[in-house]
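Labels below follow one simple rule: chain letters A, B, ... track the order of the sequence lines, proteins then strands, and each chain is numbered from 1.
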Amino acid sequence: KAGVTQTPRYLIKTRGQQVTLSCSPISGHRSVSWYQQTPGQGLQFLFEYFSETQRNKGNFPGRFSGRQFSNSRSEMNVSTLELGDSALYLCASSSTLGGTSGRNEQFFGPGTRLTVL
Amino acid sequence: GNSVTQMEGPVTLSEEAFLTINCTYTATGYPSLFWYVQYPGEGLQLLLKATKADDKGSNKGFEATYRKETTSFHLEKGSVQVSDSAVYFCALINAGGTSYGKLTFGQGTILTVHP
């Protein structure tokens, strides 16, 4: 079974631009979570989607948004990029077998490395 | 809110040494606990998990036991290899409500194993 895939793997943008990152979950997984990883702040939760609905959101400004499609693929968008948005963005998918409480283990993709200049 | 505290790193060991990475947590209710590993340039890989008190997770020679009385989930391995060099993250997740899909991570512990 293929793992979580993320595209693109690397991205370079300039301040003020916007960016869209894509995530394809493991086949059959309907929950997708996004995280930002930086050396200073570590791993921080951005949001979680299940069946095209955002169920949870972390403490990030409104410039960070996401969506999920009917095939469970997800995208996240960052508008008006700032230097501090440079990070590794990780997507993770989770099975809902056994319940939809959202506490099952998550499987991560390789991440998208975003550099803002 | 939830929080996870890992021992300060980096940790440097010789091959075949015993490894312990301490992890303690603060959470409401009964969280599930995880250890993830990250190799350079890669995403996180699930190493092991435990979902209730006294559960022992194990994988690839690594073990961790869910200790509710001490709110701990320490990672151990009896004999490390050079290939175990990576960053290790302890994490927890609660059930439902405002915790949907939200893993809370420790700060990570860098492990370097020398031949």
Quiz item: What part of B:E42 is in contact with chain A, defined as an atom under 4.5 angstrom from a non-hydrogen atom: side chain, backbone, both or neither?
Solution: backbone

Self-check item: Under 4.5 Å from a heavy atom of chain B, the part of A:L46 involved
Solution: neither

Quiz item: Side chains of A:S51 and A:R30: do they bring a donor and an acceptor to under 3.5 Å?
Solution: yes

Quiz item: How long is the gap from CZ on A:R63 to CG on A:N77, to the nearest 0.5 Å?
Solution: 10.5 Å

Quiz item: Is it the side chain or the backbone of A:F45 that comes within 4.5 Å of chain B heavy atoms, both, or neither?
Solution: side chain

Quiz item: So which part of B:Q38 gets closer than 4.5 Å to some heavy atom of chain A, the side chain, the backbone, both or neither?
Solution: side chain

Quiz item: Tell me, side chain or backbone of B:L46 under 4.5 Å from chain A's heavy atoms, or both, or neither?
Solution: side chain

Self-check item: Main-chain N/O of B:A50 paired to B:D55 side chain as donor or acceptor, under 3.5 Å
Solution: no

Exercise. Let me know if A:Y35 has heavy atoms under 4.5 Å from chain B in its side chain, its backbone, both or neither.
Key: side chain

Exercise. Against chain B, work out which of A:V32, A:L43, A:V4 has the most heavy-atom pairs shorter than 4.5 Å and name it.
Key: A:L43

Quiz item: Using a cut-off of under 4.5 Å for heavy-atom pairs, which of A:Q41, A:Q44, A:Q37, A:R113 has the most such pairs with chain B?
Solution: A:Q37

Practice problem: Evaluate whether atom CZ of A:R9 has more than 12 neighbouring non-hydrogen atoms of other residues, nucleotides or ligands under 6.0 angstrom away. | Solution: yes

Quiz item: Have A:S70 and A:E52 got a donor and an acceptor in their side chains that come within less than 3.5 Å?
Solution: no

Practice problem: Kindly assign one of parallel, tilted or perpendicular to the pair B:Y66 and B:Y25, based on the angle between their ring planes and the thresholds 30° and 60°. | Solution: perpendicular

